[in-house]
Protein chains: 2
Amino acid sequence: MAIAESAPSDGRRLRGDRTRRAILDAAARLASVEGLEGLSIGRLADHLNISKSGLYAHFRSKEALQVAAIRTADEIYTRDLVIPAMESAPGRDRLIRFCDLFLDYIRDGPFPGGCFFIASTIDPARARQPVRDALADVQSRLLGFFEECVREAQRSGQVSVQLDARQMAFAVDGVLVGADLNFLLFRDPGYLELARSEVRRLLGA
Amino acid sequence: MAIAESAPSDGRRLRGDRTRRAILDAAARLASVEGLEGLSIGRLADHLNISKSGLYAHFRSKEALQVAAIRTADEIYTRDLVIPAMESAPGRDRLIRFCDLFLDYIRDGPFPGGCFFIASTIDPARARQPVRDALADVQSRLLGFFEECVREAQRSGQVSVQLDARQMAFAVDGVLVGADLNFLLFRDPGYLELARSEVRRLLGA
DNA sequence: TAGTTTACCGACCGATCGTGCTATCTTGTC
DNA sequence: GACAAGATAGCACGATCGGTCGGTAAACTA
């Protein structure tokens, strides 16, 4: 719904949609390395072998491109991490599965600069409000997902009800963020394994 | 040792040293917002009311400025966080004290963009090797400090010896990084309090 | 076939980037 | 007072930034 709403018979729009998708995929990948602000229109166009003005025909401003890239990254993470994690049982298993997938994704996923959202969250001090809002929205939903997993795990007795579910969700988020940053800095996958152990320890598994 | 090694009687060098220090302080502050790469010589000079070339006379390249800014930030953190934390008893108390000081620093400290090093660690994908190395060195020492605190806490029986000290240090680092990022994104000090509780919970206090 | 819509391009704009070169002050030594 | 050293400024460079404009080719509609 977000991107394609044209008549499928129109070859012009089909071509445009394909281009737009290619731009957004590349933008999300590049932004994980350069950050959302550091992402430059010129370099992005070069990388796609199209002209800057051709790219600009699809997004009226850099800000519009940034917001669309955030939505694209969100869709990619949902497709590759959230939905597969949903196949695991609700609660602890699901949360651990998500974390494992995320840690794999840092090393082998399509984002060469580590997690797209962590790279983008640093920039927002400079970013304009719509960009900040889009990022905050994604992060809210992520923390909510974690918290719901913890609550479900508490309902089923896997995790002590003494623990604050919100705080546990925050702790898990911290482990993943720490893994991303330390792996980026040291290029040492050991931190990903450390994170894997720590998530299990946190959840008493 | 790092900066001033001139004869204290020479007014010329005194003036230069004062300027250099002012540049580095402002650079560290600005870099916490813009990142080390996003930090621009022109804006930095404007902010200090000096000319770009006047600034450039002190640092032969942007890279040299970046590395010097990292060293400066390191000194600031050592002065304001590490040394005060050293007044607390070794082990758990010292680590908790450091974390509390760090979380206060995010909100009220001299770095308006949150922790300087977290903001800078995102960029290094783009950064040149000397910059990466300087950042990795600081982070190594931080994790080492955490780990030593945990080990000492284990020696004195405050923390179970069953736990992996390296993993605990990593977990504490993750909580602090998560607090910084979530506070930056949501501008909600609640995440700092959440981090405070979580550090205590991790260390069994 | 004529006219319209859409995708895309080349050329260009003003601003800013990092970085040099050449003065010009100020402060020191003799 | 002559001279050197160091701090700082003025100016300009090539490159790149985000962004605009007029135009062309292709695809659709009538």
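Letters go in sequence order (proteins before strands), and every chain restarts at 1. No experiment lies behind these values; they were computed from the predicted model shown.
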- Message: Hydrogens and angles aside, do A:Q158 and A:E152 bring a side-chain donor and acceptor to less than 3.5 Å of each other?
- Response: no

- Looking at residues at least two apart in the chain, or sitting in another chain, which of them share a side chain to side chain contact (heavy atoms under 4.5 Å, CB included) with B:Q129? B:R132, B:D133

Pairs under 3.5 angstrom, nitrogen or oxygen only, protein versus nucleotides 21-25 of chain D, please.
none

- Item | Interface residues of residues 38-52 of chain A with DNA chain D (non-hydrogen, below 4.0 angstrom) | A:L39, A:S40, A:I41, A:G42, A:R43, A:K52

- Query: Does any donor-acceptor pair link the side chain of A:R12 with the base of C:dT5 at a separation under 3.5 Å?
  - Reply: yes

- Go through the structure and list residues passing salt bridge (charged side-chain N to carboxylate O under 4.0 Å, His left out) with A:D74, not counting sequence neighbours. A:R141

- Task: Kindly state each residue pair satisfying ring-ring contact (aromatic ring centres under 6.0 Å, His included) with at least one member in residues 66-107 of chain B, sequence neighbours excluded.
- Result: B:Y77-B:Y105, B:Y77-B:F111, B:Y77-B:F117, B:F98-B:F145, B:F98-B:F146

- Message: Let me test you: for the helix from C:dT1-D:dA30 to C:dC30-D:dG1, what is the angle between the axes at its two ends (five pairs each), rounded to 10 degrees?
- Response: 10°

- Task: List in numerical order all residues of residues 59-66 of chain B for which some heavy atom is under 4.0 Å away from an atom belonging to DNA chain C.
- Result: B:S61, B:K62

- Query: Would you say the side chain of A:P112 lies within less than 4.5 Å of the side chain of A:S32, judging by non-hydrogen atoms?
  - Reply: yes

- Query: Tell me: CG of B:L30 to P of C:dC17, nearest whole Å?
  - Reply: 12 Å

- Item | Pairing residues for A:R12 by the salt bridge (charged side-chain N to carboxylate O under 4.0 Å, His left out) criterion, not counting sequence neighbours | A:D10

- Task: Could you list the residues that satisfy side chain to side chain contact (heavy atoms under 4.5 Å, CB included) with B:D164, not counting sequence neighbours?
- Result: B:R166, B:Q167

- Check the side chains of A:N182 and A:D188 for a donor-acceptor pair under 3.5 angstrom, ignoring hydrogens and angles. no

With a cut-off of 3.5 Å and sequence neighbours excluded, list every side-chain donor-acceptor pair involving residues 48-60 of chain A.
from, atom 1, to, atom 2, distance (Å)
A:S51, OG, A:S53, OG, 3.4
A:S51, OG, A:G54, N, 3.0

- Task: Would you list the pairs meeting ring-ring contact (aromatic ring centres under 6.0 Å, His included) in which at least one residue belongs to residues 186-205 of chain A, sequence neighbours left out?
- Result: A:F186-A:Y191

- Query: Got a sec, which residues hit ring pair (Phe, Tyr, Trp, His ring centres under 6.0 Å) with B:F170, two or more places apart in sequence or on another chain?
  - Reply: none

